Peer 1: 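Before we start, here is the structure in question, set down as structure tokens.
Just so it is clear, the model here is predicted, and its values are computed rather than measured. In the text below, chain A, chain B and the rest are named by the order of the sequence lines, each starting its count at 1.
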Protein chains: 2
Amino acid sequence: MAHGGKLRPMKGIRQLAEHLDISIGTVSRALNGKPDVNEETRKRVLAAAEQLGYVANQSGRSLRQGTTNVIGLMIQSSRETVENSDNFFLTVTGGLQSVFSRHKLDLIMLPCPHDEDPYEYLKRMVARRIVDALIISETQRVDKRFDLLAKAKIPFAALGRSLSGTQHPWADLDFDGVANAAVDRLVAHGHRRIAVSAPSSDINLGFIFVDGYRRALERHGIAYDPALVIRAKSSEQGGYQVADELLGLENGPTAVILIYELMAIGFYRRVMEAGIIPGRDIAVVSFREAPRAKFLQPALTCFRTSVHDLGVELAEILLSSMPAYSQEYPRKTRQTVWPLELIPGESDAFRLKTAK
Amino acid sequence: MAHGGKLRPMKGIRQLAEHLDISIGTVSRALNGKPDVNEETRKRVLAAAEQLGYVANQSGRSLRQGTTNVIGLMIQSSRETVENSDNFFLTVTGGLQSVFSRHKLDLIMLPCPHDEDPYEYLKRMVARRIVDALIISETQRVDKRFDLLAKAKIPFAALGRSLSGTQHPWADLDFDGVANAAVDRLVAHGHRRIAVSAPSSDINLGFIFVDGYRRALERHGIAYDPALVIRAKSSEQGGYQVADELLGLENGPTAVILIYELMAIGFYRRVMEAGIIPGRDIAVVSFREAPRAKFLQPALTCFRTSVHDLGVELAEILLSSMPAYSQEYPRKTRQTVWPLELIPGESDAFRLKTAK
DNA sequence: CATAGTATCGTAAACGTTTACGGAGCGCGT
DNA sequence: ACGCGCTCCGTAAACGTTTACGATACTATG
């Protein structure tokens with residue numbers, strides 16, 4: 001406590017060094033846990049740093065060693081996403097952070113503006129070099145962003161599969177499995193005409209969902225009818241629209257699989273307006289993200305999972321592909337299809353008296 | 001096109017300079033629009049930069065001039081927030097970006113982990129120096145963060161008022177006005193016993209809401225009854241709980257004001273379970289954030305506003321308080337109470353046959 | 001005692017940029 | 001011919017770190 005004490009926010013490591021009468025290099029080594037430093041002096045340095053409130057200037061550090069200790073999560077917040085994403089991202093963020101924080105890595109979210117091309121935005125962010133690695137969400141079927149990142153040699157993982165050539169790490173919800181299990185269940189209940197909702201955007205999840213549905217039908221020997229695949233936004237509005245279109249069909253379905261729980265709300269409303277009751281007159285199965293549709297009557301049969309844990313998995317996948325952390329997270333596979341759990345409800349409770 | 005063309009991501013401004021046979025200083029000046037450079041050579045530099053895909057290294061830049069061109073939005077994603085916030089933040093982010101992008105400012109979101117003290121988190125982020133300015137959300141009644149930021153002399157604006165001594169810029173939803181208008185409306189309908197929901201966290205918005213409610217009652221000469229103020233989480237669950245507690249009262253209310261639309265969903269469900277129909281047996285008024293509760297029957301009377309525009313306002317407030325931009329955003333006042341609009345529904349349609 | 005080895009520390013270069021400063025060239029008026 | 005102002009550009013220092021390298025002191029070993 002010879003000098004000033006904790007006055008101003010501290011100028012830099014140099015000031016800290018001369019306050020301790022130690023060379024700046026030693027201070028740096030002490031702070032960063034390097035071996036070439038006496039434990040005694042290391043303690044002094046740490047104590048002084050704490051007392052004077054010194055924190056390393058990130059710009060200087062990253063300029064020198066080319067690393068920032070920051071991981072970026074790019075989200076698009078496109079019009080449709082804003083309406084639907086709910087707290088999906090905040091929840092997955094929690095899972096990511098629970099892993100990253102163990103390594104003193106900070107997570108920041110990079111929201112691409114609506115009116116900017118995601119590719120250009122990402123390019124800018126990569127060039128800024130404020131993140132060491134990236135997590136890409138809302139992956140599209142073919143997504144140029146992966147090529148960009150691969151070329152820039154910046155580690156990344158994707159939340160969602162894609163058809164990209166680059167063999168990158170990803171984790172994805174098992175919407176193929178959801179579609180299969182849903183169809184199986186409905187067929188077991190006697191249904192043959194099963195409709196499905198497809199998202200209106202070209203997010204890859206939608207393709208996987210519909211593909212799974214299609215193959216499941218095939219497996220059961222049921223003909224695929226394009227009229228039963230309804231493109232709609234993944235919102236209440238979209239669910240309402242799905243119901244509306246299906247009601248207009250002359251040979252309508254007896255069951256429907258919705259890709260998003262919010263749709264169930266609108267769907268319920270529309271069919272009930274028409275006097276049709278889910279679980280009695282039509283079977284409904286959906287994916288459920290957050291406990292939004294919990295209040296629906298009759299209770300919605302849905303698939304769900306812990307989005308938080310998905311974040312944990314994704315974080316570990318990413319770290320395992322970063323050279324600096326890969327030995328701490330050894331992995332055989334860096335591509336995870338995340339399972340979902342069926343929560344039986346009443347909305348598909350009835351069994352169809354099959355004509356056959 | 002003398003040299004290599006666009007091979008690797010480019011090493012730095014130095015490479016760009018020698019590719020053009022120009023000094024590195026001139027290149028920097030050309031890129032940054034400084035006056036001391038021939039328009040002719042500026043064009044050459046810009047073209048070469050574009051062609052070679054050069055983008056300034058942010059670390060070097062910010063190390064030198066202490067500025068990053070990045071604005072941070074700190075969100076807490078506390079347990080409760082995650083469940084409720086919906087897309088509030090993504091929507092307000094859109095508004096912020098629409099302003100920031102005009103100045104080549106990028107917005108990043110800084111999500112404070114659940115298990116970390118927001119104050120410590122913020123301190124760390126400030127020390128990292130990756131943002132030029134900050135937007136603080138989920139302000140608490142007394143919020144140490146403002147003192148920290150004021151002391152660190154980093155520009156900031158708050159989304160939400162607080163009682164802090166520092167006279168900082170902020171924008172806040174007019175929940176005082178909402179409470180007042182709601183009470184006025186309900187009293188005009190003949191109600192005297194009006195309940196209100198208060199958030200369980202110590203977010204300042206809740207205090208303002210309840211304070212406004214209280215003063216409005218006073219204005220109408222209605223006694224304030226603490227039993228009618230129900231603390232609950234701002235979720236469906238919370239709404240359910242509010243209804244439950246109110247049903248348990250021997251001298252229950254004839255009307256209720258909910259602070260959050262999601263609560264209305266749970267509230268509807270619980271009272272309807274008890275055979276009580278909103279808009280006929282009890283009046284319900286709520287704040288509405290996103291069109292979630294649109295499907296409620298009877299239609300919910302609620303207050304709403306454009307969260308996007310609130311973001312725009314907040315961005316302008318922040319910029320007006322930053323020296324580098326203040327002349328572009330001259331302002332008399334930097335504290336905005338953001339108005340909300342009443343959307344009449346059916347949930348408070350009936351008039352009470354007043355006993356008096 | 002000489003030597004090698006080890007523990008600890010100081011020195012200085014490097015990261016990529018911005019910018020203060022000065023210099024070169026030029027036109028122009030005296 | 002001279003000086004002045006202006007335009008344009010090059011030089012080099014500075015921002016705050018990290019780290020390769022060498023220096024020093026001490027210990028162990030022959």
Peer 1: What residues, two or more places apart in sequence or in another chain, satisfy side-chain hydrogen bond (donor to acceptor under 3.5 Å, both in side chains) together with A:R161?
Peer 2: A:D172
Peer 1: Excluding sequence neighbours, so at least two apart, what forms side-chain hydrogen bond (donor to acceptor under 3.5 Å, both in side chains) with B:S326?
Peer 2: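 side-chain hydrogen bond (donor to acceptor under 3.5 Å, both in side chains) list for B:S326, sorted by chain: empty.
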Peer 1: For A:T26 and B:D21, find the nucleotide of DNA chain D closest to each by heavy atoms; which residue's nucleotide sits nearer the 5' end?
Peer 2: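 Its nearest nucleotide lies further toward 5', so the answer is B:D21.
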Peer 1: Where the side chain of A:E138 meets the backbone of A:Q76, is there a donor-acceptor pair that is under 3.5 Å apart?
Peer 2: yes
Peer 1: Scan residues 28-40 of chain B for pairs that pass salt bridge (charged side-chain N to carboxylate O under 4.0 Å, His left out), counting only residues two or more places apart or in two chains.
Peer 2: B:E39-B:R42
Peer 1: Within the 3.5 Å criterion, strictly below it, is a donor on B:D132 or B:T67 matched to an acceptor on the partner's side chain?
Peer 2: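 Checked: B:D132/B:T67 side chains pair up, N/O donor to acceptor below 3.5 Å.
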Peer 1: Taking the side chain from B:R331 and the backbone from B:T333, do they hold a donor-acceptor pair closer than 3.5 Å?
Peer 2: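 Yes, B:R331 side chain to B:T333 backbone: donor-acceptor pair under 3.5 Å.
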Peer 1: Among all residues two or more places apart in sequence or in another chain, which pass the salt bridge (Lys or Arg N to Asp or Glu O under 4.0 Å) test with A:E116?
Peer 2: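 Salt bridge (Lys or Arg N to Asp or Glu O under 4.0 Å) list for A:E116, sorted by chain: A:R124.
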Peer 1: Using five base pairs at each end, measure the axis-to-axis angle across the helix from C:dC1-D:dG30 to C:dT30-D:dA1 and round it to 10 degrees.
Peer 2: 60°
Peer 1: Could you go through the side chain to side chain contact (heavy atoms under 4.5 Å, CB included) check for B:L159 and B:T139 one step at a time?
Peer 2: CA-CA 7 Å; B:L159 180 50; B:T139 57; 5.8 Å; no
Peer 1: Run the numbers on A:M109 and A:T93 for side chain to side chain contact (heavy atoms under 4.5 Å, CB included), then give the verdict.
Peer 2: CA-CA 9 Å; A:M109 299 171 74; A:T93 292; 4.1 Å; yes
Peer 1: For nucleotides 26-28 of chain C, which of its nitrogen or oxygen atoms have a protein nitrogen or oxygen under 3.5 Å away, and what is each distance?
Peer 2:
none

Peer 1: Which residue pairs pass the salt bridge (charged side-chain N to carboxylate O under 4.0 Å, His left out) test when at least one of the two sits in residues 58-74 of chain B, sequence neighbours left out?
Peer 2: none
Peer 1: For residues 90-103 of chain A, which residue pairs qualify under salt bridge (charged side-chain N to carboxylate O under 4.0 Å, His left out), counting only residues two or more places apart or in two chains?
Peer 2: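 Sorted result for residues 90-103 of chain A: empty, none.
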Peer 1: Can you give me the N/O atom pairs linking the protein to nucleotides 23-27 of chain D at distances under 3.5 Å, or say none if there are none?
Peer 2:
none

Peer 1: For DNA chain C, which residues of residues 33-45 of chain A approach it to below 4.0 angstrom with any heavy atom?
Peer 2: A:D36, A:V37, A:N38, A:T41
Peer 1: What's touching nucleotides 13-17 of chain D from the protein side, N or O pairs under 3.5 Å?
Peer 2:
unit_1: D:dA14; atom_1: N3; unit_2: B:R64; atom_2: NH1; d: 3.3
unit_1: D:dC15; atom_1: O2; unit_2: B:R64; atom_2: N; d: 3.3
unit_1: D:dG16; atom_1: N2; unit_2: A:G60; atom_2: O; d: 3.2
unit_1: D:dT17; atom_1: OP1; unit_2: A:Y54; atom_2: OH; d: 2.8
unit_1: D:dT17; atom_1: OP1; unit_2: A:N57; atom_2: N; d: 3.2
unit_1: D:dT17; atom_1: OP2; unit_2: A:I13; atom_2: N; d: 2.5
unit_1: D:dT17; atom_1: O5'; unit_2: A:Y54; atom_2: OH; d: 3.1

Peer 1: Rounded at 0.5 Å granularity, tell me how far CD in A:Q327 sits from CE in A:M322.
Peer 2: 11.5 Å
Peer 1: Report the distance from atom CG of A:L16 to atom C1' of D:dT18, rounded to the nearest whole Å.
Peer 2: 15 Å
Peer 1: Roughly, in whole Å, what's the span from CZ in A:R29 to P in C:dG10?
Peer 2: 8 Å
Peer 1: Go through the steps for A:E50 and A:K43 under the test salt bridge (charged side-chain N to carboxylate O under 4.0 Å, His left out), then give the verdict.
Peer 2: CA-CA 10 Å; A:E50 169 72 21; A:K43 284 208 185 97; over 6 Å; no
Peer 1: Go through the side-chain N and O atoms of A:T68 and A:S62 and say whether any donor and acceptor fall under 3.5 Å apart.
Peer 2: no
Peer 1: Tell me, please, which residues at least two apart from A:Y325 pass ring pair (Phe, Tyr, Trp, His ring centres under 6.0 Å).
Peer 2: A:H103
